[in-house]
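To start, the structure itself, in structure tokens.
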Amino acid sequence: MTPLSITSRTLAAALGGYGLGALAAMALAVTLPVARDQAVIIGIMVAFLLCSGAAIWAFSARSAWRAWAGILAPSLLLAGLYMWGLPA
């Protein structure tokens with residue numbers, strides 16, 4: 001791996017993982033059919049799992065482009081789920 005690839009993967013793991021986790025927490029908090037406080041706690045616990053999974057994915061993908069794509073695609077889906085769950 002080149003230093004640029006390592007830097008890109010590190011940024012994908014750190015920034016992309018944080019974004020993915022934050023979007024997961026927000027989406028689950030507004031869409032889960034449980035009490036709001038329980039939905040927030042569940043969302044935060046899932047966010048920790050996704051953040052660590054994104055870091056693992058960033059360094060196990062074949063290329064830096066696939067690492068970013070594998071983190072950004074679910075992030076876009078979670079952003080859509082969050083927007084769908086917001087009250088009108």
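Since the model is a prediction, treat every value here as computed from it, not as a measurement. Sequence positions, counted from 1, serve as the residue numbers for this chain.
Met83 is not connected to Leu72 by any chain of hydrophobic side-chain contacts under 4.5 Å among Ile, Leu, Val, Met, Phe, Trp and Tyr, and they are in different clusters.
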Distance-only check: which donor-acceptor pairs under 3.5 Å involve side-chain atoms of residues 8-33, not counting sequence neighbours?
unit_1 : atom_1 : unit_2 : atom_2 : d
Ser8   : OG     : Trp68  : NE1    : 2.8
Arg9   : NE     : Ser5   : OG     : 3.2
Arg9   : NH1    : Ala58  : O      : 3.0
Arg9   : NH1    : Ala61  : O      : 2.9
Arg9   : NH2    : Ala61  : O      : 3.3
Arg9   : NH2    : Arg62  : O      : 3.3
Thr10  : OG1    : Ile6   : O      : 2.7
Thr31  : OG1    : Ala27  : O      : 2.6

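Atom CG of residue Leu81 and atom CG of residue Leu76 lie 12.5 Å apart, to the nearest 0.5 angstrom. Between Met1 atom CE and Thr7 atom OG1 the span is 10.5 Å, to the nearest 0.5 Å.
When hydrophobic side chains of Ile, Leu, Val, Met, Phe, Trp and Tyr are connected at separations under 4.5 Å, Phe48 ends up clustered with Val40, Ile44.
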